[in-house]
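Here is the structure we will look at, set down as structure tokens.
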Amino acid sequence: MKLSLGVKMLLISVCILLSLVVGLAASWINHASGASLRDTVAFGGGAFAGCMVLCLAALTFSVL
């Protein structure tokens with residue numbers, strides 16, 4: 001199944017937005033538990049990166 005460039009960019013944008021939401025939620029939960037700001041940012045960044053890798057891997061193997 002061939003997708004146009006516009007559809008591919010929309011799917012990647014959805015992956016970015018989903019990863020952003022996951023990263024924000026993870027950092028919010030980590031900060032609520034009393035972690036420092038440095039640990040909170042690192043935890044949120046790790047959650048963002050992990051979710052982004054999983055989303056792009058799922059897209060690569062299924063659609064793109």
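All values reported here derive from a predicted model rather than from experimental measurement.
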Item to check | Approximate separation, where rounding is to 0.5 Å, of Leu56 CG and Cys51 SG | outcome: 9.5 Å

Next on the checklist: Please give me the minimum heavy-atom distance between Ala47 and Ala26, naming the atom from each residue.
Outcome noted: CB-CB, 3.6 Å

Checklist entry - Transitive ILVMFWY cluster of Trp28 at side-chain heavy atoms under 4.5 Å: who else is in it? => result Ile29

Next on the checklist: For Ile16, give me all partners under side-chain contact (heavy atoms from CB on, under 4.5 Å), at least two apart in sequence or on another chain.
Outcome noted: Ile12, Met52

Checklist outcome for this item: Contacts of Ser27 meeting side-chain contact (heavy atoms from CB on, under 4.5 Å) (sequence neighbours excluded), chain-then-number -> Thr40

Item to check | Listed partners of Val7 passing side-chain contact (heavy atoms from CB on, under 4.5 Å), at least two apart | outcome: Leu3, Ser4, Leu11

Next on the checklist: Please give the remaining members of the hydrophobic cluster of Val22, linking ILVMFWY side chains under 4.5 Å, ordered by chain and number.
Outcome noted: none

Item to check | Remaining members of hydrophobic cluster (4.5 Å side-chain criterion), Leu5 | outcome: Met9

Item to check | From Asp39 atom CG to His31 atom NE2, the distance as rounded to the nearest 0.5 Å | outcome: 11.5 Å

